[in-house]
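Taking it in order: structure first as structure tokens, then the write-up.
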Amino acid sequence: MSANAVGQGIALIALLLGLAWPLGRYITGVMNGSAWVVRVGAPLERGVYWLAGVDPEREMGAKHYAFAVLLFNVLGVVVLYSLLRLQAYLPWQNALNPQQFAGMRADTALNTAVSFVTNTNWQAYSGESTLSYALQMLGLTVQNFLSAATGIAVAIALIRGLARHSSGAIGHFWVDLTRITLYILLPLSMIVSVILMSQGVIQNFSAYKTMPVLQSTTYEQPRMQANGQAVLDKKGKAVQETVSVQTQTVPMGPVASQEAIKMLGTNGGGFFNANSAHPFENPTPLSNLVQILAMLLIPAALCFVFGRMVGDKRQGWAVFAAMGIAFSVACLAQIRLEQSGNPNFAHLGIDQRAQATEAPIDAHTRTAQADSVWQAGGNMEGKETRFGIVQSALFSIATTSASCGAVNTMHDSLTPLGGMVPLLLMQLGEVIFGGTGSGLYGMLVFALLAVFVAGLMIGRTPEYVGKKIEAFEIKMLSLVILLTPFLVLVGSSIAVLTAAGAAGVANPGPHGFSEILYALTSTANNNGSAFAGLSVNTPFYNSLLAFAMWLGRFGTIIPILAIAGSLAAKKRLSASVGSMPTHGPLFVLLLLGTVLLVGALTYLPSLALGPIAETVIQVAAVK
């Protein structure tokens, strides 16, 4: 691994820390109501509450908070589904639907609505050939803000549960949602939008452009009749005609505004089908760095919010350290695996040199040369040359660490083990920074489990930041930890065993299984990235994945809020001799060990059938 690659990784971590620390202080002030921006925006905030009929002074208990979260998001699915189905009938068609796109098919619309409401942003469609500007803005961008705000609100509610003393309330969902949207997500999105536009990300309402190509393309295709059937010759074969392409259609649209919240809210849904590999979404190495930082920024800042709100900044640093260590190891592994490339190309090159020189190469020399050469330049398949391997690898780790799902490289083209690293990051529960809010509350669940297990092992009281961890909390966190593996493994089994599921696989064998496993892992953990070789825009996959996305999101949020309510009602105890410290290096290692142990034990058999088996086949083919 080159010094340049290591330097880029160190610079990324340093920039992230430098931005997340002050942002954490700002977010804490916003959520406590002490920030200057809350005082300035108070009249607007009161107007929103008046229109909604909300009493901001009356806080909610856990059940009330959970009901508000569910009701709000069910309404979000209904509204977005209706917009997607009625796209062709919305007003301002000439201005906001210049391509005159029709409404979505029912199963695709349901999948898309659930996807964006759950902060998954899984896309079974191509954005530039399916959705109008009106839908991109009124439907998808709105949910990008609201789904991110929901996740942050749930995380803040859990922090309040840990911070409060004998309280029956964990906050007010409508107040939290309003403040997060107005004072955190909107200002940050405007800043990032301007930076992205300065780098060339487009922002317009123009109709699609027809442009001449630099080099015409000629190919043959079947000649079609007016009824859509191919013209057949006397032998019953399709008559071919030669087609020469002199122009191409270049899509336009308000991209920068959606791109900013797509990354900041760890949403990931691309304006274009190529997502952040498209030059209109991510044109330069600088825009690529900005997008990586935007994905990680709020999840990292929430670690420091946690430390400040519970009154012990060391607790926030411990959680950030655990996330940062795991993220750094994953980045180094991914860069190494992608720079190594495919060993089969090295042997192919050795054989070609042997033929050119007519000098035979024995097996020992072949292996030695292959180990030192592998694939010249590394694995560039599916990557943009303007980013190269290092920035592509960092992006793939950031997007699966941060539960974002945006991609600047095709994950289906990663090396087998290079594809396993992002897959494993999702399978660990999206807690290595994770999504906006969901990453922190997921990691805090593992922290509670680590404290409970360690307390049993060493005979100390299982406490976390002064709150005793008892039977109810363990039952709830068990539901959180076991739900997503259940959805992933059972869902993958159904897809593999049914004809409708197997029909979408383009690559039979271990890689095809990896594609299915990745799809269920991504949707159940609300990530949204994909191995692109799997055809998922079918009623079977749209229904299966929508179910996984919904239950993966709200099947964990409800137990999280139950834990928050239970902890808030307890007294906060002072640390004693029997309390285990939860802010030092030992606890960081314990927390990381708990995360890795749960993920490894749960998913290792499935990984052995997919990327590990593919690697074994690849190496065996070389030898």
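Owing to the predicted nature of the structure, the values given are computational and were not obtained by experimental measurement. Because only heavy atoms are used, hydrogens play no part in the values below, and waters and symmetry mates are left out as well, while side chains stay in.
- In this structure, F306 and Y464 have parallel ring planes: the angle between them is below the 30° cut-off, well short of the 60° mark.
- Residues Y183 and E45 have side chains that bring a donor and an acceptor to within less than 3.5 angstrom of each other.
- Between the side chains of S566 and E470, not a single donor N or O lies within less than 3.5 Å of an accepting N or O.
- Side-chain N/O atoms of N267 and S147 include a donor and acceptor closer than 3.5 Å.
- Side-chain contact check for F433 versus L16: some heavy-atom pair is nearer than 4.5 Å.
- A salt bridge links K262 with E281: at least one charged nitrogen is closer than 4.0 Å to a carboxylate oxygen.
- For Q123, the side chain to side chain contact (heavy atoms under 4.5 Å, CB included) test picks out F116, Y125, N275, with sequence neighbours left out.
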Evaluate the criterion side-chain contact (heavy atoms from CB on, under 4.5 Å) for residue pair R25 and T28; output intermediate values, then yes/no.
-> CA-CA 5 Å; R25 183 175 182 176; T28 304; 5.7 Å; no

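- Note that the CG atom of D107 and the CG atom of L545 stand 11.0 Å from one another [nearest 0.5 Å].
- Side chain to side chain, S34 and N32 fail the donor-acceptor criterion of an N or O pair below 3.5 Å.
- Remark: the Q315 side chain and the T582 side chain contain an N/O donor-acceptor pair separated by less than 3.5 Å.
- Looking at H172 and V54, their side chains come closer than 4.5 Å, going by heavy atoms from C-beta outward.
- Annotation: side chain to side chain contact (heavy atoms under 4.5 Å, CB included) contacts of A530 (sequence neighbours excluded): W122.
- Counting heavy atoms from C-beta outward, Q291 and N282 have side chains that approach closer than 4.5 Å.
- Ring geometry, F554 versus W550: the interplanar angle falls from 30° to 60°, so the pair is classed tilted.
- Counting only heavy atoms from C-beta outward, the side chains of L185 and I298 approach each other to under 4.5 Å.
- Side-chain polar atoms of S276 and N408 form no donor-acceptor pair below 3.5 angstrom.
- Checked against side chain to side chain contact (heavy atoms under 4.5 Å, CB included), L551 has the following partners two or more places apart in sequence or in another chain: L483, L487, F547.
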